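For reference, the structure is listed below as structure tokens.
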Amino acid sequence: MTSEPIIIAVDGPAASGKGTLARRLAAHFDYAYLDTGSLYRALAFDVLRRGEAPENASAGLRAAKALDLAMLNDPDILAALRTDAVGTAASLIAAQPDTRTAILQIQRDIADTPPDDKAGAVLDGRDIGTIVCPQAAHKIFVTARAEIRAERRWQELHQHDPQVSLKEVLADLESRDQRDSARATAPMRAAQDAHLLDTSDLSIEEAFAAALALVSH
Ligand code: CDP
């Protein structure tokens, strides 16, 4: 790879549809894809498994230093990372500045040198357009109304846990968004040069077509 990789930054709140869009954009352009939330979720999984408190900054930092990216290739682990409890713990850990710094370089390395010699990378998260890759060629901030996002996340979680209630999912999602937006370090925010994409009333196909139009000019 001789020229600079093309970076597409896709940010937005929980269950806004950013992961689906980012994955599809990566497939369309044959770019690498990184779900940065899965890194924070992996730390949370490790911290919870050890019985440590996610609020404990040294537990998060230890997990970040020990992070083994290979675990993200294991479908069983990926499924375990998707629970609401892991999402909440990830958001507590993600508010810790030293832990974020430890994770920042992993993300930038993938953006700077996409695996398999790909010509670009799509990263999704909360701070990709603002902090991780402010130089990204394209930035999209994906939103959707909270009730719609909760319904989508409930559909996803319900398949594995029939006990989970929509009300509970909405409450968790709103408190996580609040914490992610209010934290001092790298809060969730649309970059000034990001395109906003509201997927509330769009099908996956329509949202993808809209995202493609945004990055194609
Ligand atoms: O899939 P969902 O949108 O629910 O969440 P996620 O993208 O897997 O992220 C889980 C948590 O990680 C978020 O609530 C954030 O607190 C944190 N995160 C972050 O702080 N910065 C990122 N770039 C990505 C995720």
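Quantities reported herein were computed from a predicted structural model and do not represent experimental measurements. Atoms within a ligand are numbered from 1 in the order they appear, just like the ligands themselves.
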Go through ligand 1 atom by atom and flag the ones less than 4.0 Å from a non-hydrogen atom of [X].
| X | value |
| --- | --- |
| Asp180 | 13 (C), 14 (O), 15 (C), 16 (O) |
| Ala94 | 16 (O), 17 (C), 20 (O) |
| Arg82 | 1 (O), 8 (O) |

* Asked: Considering only protein heavy atoms, which is closest to atom 24 (C) of ligand 1, and at what distance to one decimal place?
  -> Thr36 OG1, 3.3 Å
* In the protein, what heavy atom is nearest to atom 12 (O) of ligand 1, and what distance, to one decimal place, separates them? -> Tyr40 CB, 3.6 Å
* Asked: Looking only at heavy atoms of Ala15, does any of them come nearer than 4.0 Å to an atom of ligand 1?
  -> yes
* Identify whether the distance between the nearest side-chain nitrogen and carboxylate oxygen of Arg153 and Asp172 falls below 4.0 Å. => no
* To do: Count the heavy atoms belonging to other residues, nucleotides or ligands that lie under 6.0 Å from CD of Gln192, then report whether that count exceeds 12.
  => no
* Asked: More than 12 foreign heavy atoms under 6.0 Å from CD1 of Ile204: is that the case here?
  -> no
* To do: Apply side-chain hydrogen bond (donor to acceptor under 3.5 Å, both in side chains) to Glu151 and Gln155, showing your working.
  => CA-CA 6 Å; Glu151 172 72 31; Gln155 294 283 358; 2.9 Å; yes
* Indicate yes or no for a side-chain donor-acceptor contact from Lys118 to the backbone of Pro5 under 3.5 Å, with no hydrogens or angles considered. => no
* **N/O donor-acceptor pair under 3.5 Å between Asp11 side chain and Ile128 backbone** => yes
* **Nearest candidate to atom 8 (O) of ligand 1, where distance is taken over non-hydrogen atoms, out of Lys18, Arg100, Met188, Arg41** => Arg41
* Proximal candidate to atom 5 (O) of ligand 1 [heavy atom criterion; set Arg183, Arg126, Arg179] -> Arg126
* Asked: Pick from Arg126, His195, Met188: which one makes a side chain to side chain contact (heavy atoms under 4.5 Å, CB included) with Phe141?
  -> Met188
* Asked: Is it the side chain, the backbone, both or neither of Ser16 that has a heavy atom closer than 4.0 Å to ligand 1?
  -> neither
* Asked: If we only count N/O pairs under 3.5 Å, is Arg176 in contact with ligand 1?
  -> yes
